[in-house]
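Below is one structure, written out as structure tokens; comments come after it.
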Amino acid sequence: MAEEPSRMKIRDEDSLRFVHCLSSRDPGVRNRAFDSILRVFDALIGGHGSPPDMKGMATIHGAVDTKEMIDEYLVDILRLSVQCPFEDVLDRCKELLRDMQERTYKIPRVLKGGISTFVPEREIIPASSKDTETQALFVDAFLQNNRLDHVVQLMGYHPQYLECFLRTQQYLMKGDGALPFHYRHYIAIMAASRHMCTYLVHLHEQEFILQGGDPEWLKGTSHVPKKLRDLNELNKLLAHRPWLICKSHIEKLARSTNSKDNWSISELVQALILMAHFHSLCSFVYGCGIKSEIDHNGGFTYRPQSPVEKNSNDFDSSDSSSTNGDINSEPEVGIELLMERMKKLVEEGEEETTQEERVKRFEKVESQSVEIAANTVRPSPKAEVLKYVDDAEYCYQDFAKRDSVEDIPTFRATDYSWEDHGFSLSNRLYMDIGNQLEDKFSVATNMTYYTMGEVRDVDTTAFRRAIWSYIHCLYGIMHDDYNYGQVNQLLERNLKAYIKTMTCYPERLTRKDYDNVMREFKHSEKVHVNLMLLEARFQAELLYALRGVMQFMT
Ligand SMILES: CC(C)C[C@H](N)C(=O)O
């Protein structure tokens, strides 16, 4: 029998993305991996120096298009030459690209300003950061995901948070747990598709294949086992109107008539956490204008660099003049006034209010939020993502305008809270996850640098708490010990609209929205706010999901 072309050994057997072979801490292993890759490459291009015999190669590899295959390799190599934290791999990749160029191959190049459309490239923490803590996290992320993805790189502003984020994500995707690995990635795809987030969908399609997933499934949810398809309804509610989740939704999955499709409670808890994690990550991706990964469509180009690009540092025109926002937009309160208001709140101290009064204030913020217009322009959904969703039109509806007000009361955090209920339930059904999430929530709520724009030594607690509480309010969750009057004092309309769009309709967020709020804040601070939005939304979804599980179990 003729030997399989060596390409198959790397592409399909070891890993689809050969970069996987290079994700080792051991330089010996990396070297060996690189050598075998070079051998494949040499075979593909028909030996040293000589121009490739495309026709000959095509015969060897049957139907495989050699040109396409080489292009794919080159894109992988390009990515490594930018993202790989190991000097040895980096240098060899660069060498290889030069070598290929000399052989007159068209070499792809990374599009400048490739990480975020909102944050200028020069302000983003570089892949080879001088800060040792951040650098170590970037290396870990690379080893974990076979890449340093743009989300992680942008979170690099906040290493304290990034550490918890990576730990949890690693545990969810690769750690112990009831669900098979390829299921976890498929659930990530389904969740991200609710917000049409092609960025996350593509990332997890690749990971799904790496974990041995069946490529057929990537044709859409009509090609997956019924068990997974059954998640559709819960995925939809959780993403857009989690308050509708109740015992019966859990029951339906956990008591399926066909045992093959049955979800165990542990599996279901993991699936729910995964969905909430990825829904809220969509908010972050859109909120930071995250761009396609280098090796995804839109991340690289074969076009030669234009003179304009050569001269500018930021290809995507993220120059500082435009970050000052639109002249026509609403004037902002500004940091000075915001600080004054926060100071006043501290000086006044906690006022004595009755429970009734607190509820009234909550309801006021809640009903006002209906008037806050989130963007209405929806990007047109792409077929590559639509295949993973049912009922794509279904979206967020103001909690205050919910259909059955009598049946669905405000969610009182005193009755069901993360600290007293969610934490222990999740820990019990999915070992250790409660602790990990607890750490992440705690960093997200407490993280502070005591700064606001250029000002130092500021206590920002009240502002941060107002943001968190407002998001929960959008989901109908009330914290009894919070005075909701503060939300209106500290969050102006513009910011509320931004929060609402990013939390509830992230796919509608635009560069202008990002530019026009928190104008005196630094980019790292806007990313900080976006992290809080992510976590507050995540916790809101989780509370409803876990309450549903608890109702089912009791
Ligand atoms: C979101 C920002 C206003 C946070 C602020 N820079 C702080 O250190 O607390």
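Treat the numbers as computed from the prediction; the structure is a model and nothing was measured. Indexing begins at 1, ligand by ligand and atom by atom, following the structure's order. Numbers for residues simply follow the sequence, beginning at 1.
Looking at Arg79 and Asp149, no side-chain N of the basic residue comes within less than 4.0 Å of a carboxylate O on the acidic one, giving no salt bridge. In summary, Arg358 and Asp480 do not engage in a salt bridge, as defined by a charged side-chain N under 4.0 Å from a carboxylate O. The existence of a salt bridge linking Arg537 and Glu541 is confirmed by a sub-4.0 Å separation between a basic side-chain nitrogen and an acidic carboxylate oxygen.
The nearest pair of heavy atoms linking Met502 to Asn530 is SD-OD1, 3.2 Å. The shortest non-hydrogen separation linking Tyr157 to Tyr449 is O-OH, 3.7 Å.
Using bins of under 30°, 30° to 60° and over 60° for the plane-to-plane angle, the ring pair His472/Trp468 lands in the tilted bin. Below 30°, between 30° and 60°, or above 60°: for Trp243 and Tyr396 the angle between ring planes is above 60°, a perpendicular geometry.
Proximity to Val529 (heavy-atom distance under 4.0 Å) selects the following atoms of ligand 1: 1 (C). Listed by number with element, the atoms of ligand 1 under 4.0 Å from a non-hydrogen atom of Phe521 are 3 (C). Atoms of ligand 1 lying under 4.0 Å from any heavy atom of Glu525, numbered from 1 in the order shown and given with element: 1 (C), 5 (C), 6 (N). Within ligand 1, the atoms closer than 4.0 Å to a non-hydrogen atom of Arg464 are 9 (O), numbered from 1 in the order shown.
Here the protein heavy atom with the shortest distance to atom 8 (O) of ligand 1 is Tyr449 N, 2.5 Å.
Of the candidates Leu338, Thr448, Asn446, the one placing a heavy atom closest to atom 7 (C) of ligand 1 is Thr448.
Considering backbone and side-chain N/O of His528, none are found under 3.5 Å from N/O of ligand 1.
Contact annotation for Thr451 and ligand 1: heavy atoms of both the backbone and the side chain come within less than 4.0 Å of the ligand. The proximity of Tyr450 to ligand 1, defined as any non-hydrogen pair under 4.0 Å, is limited to the backbone.
Residue Lys526 places every heavy atom at 4.0 Å or more from ligand 1.
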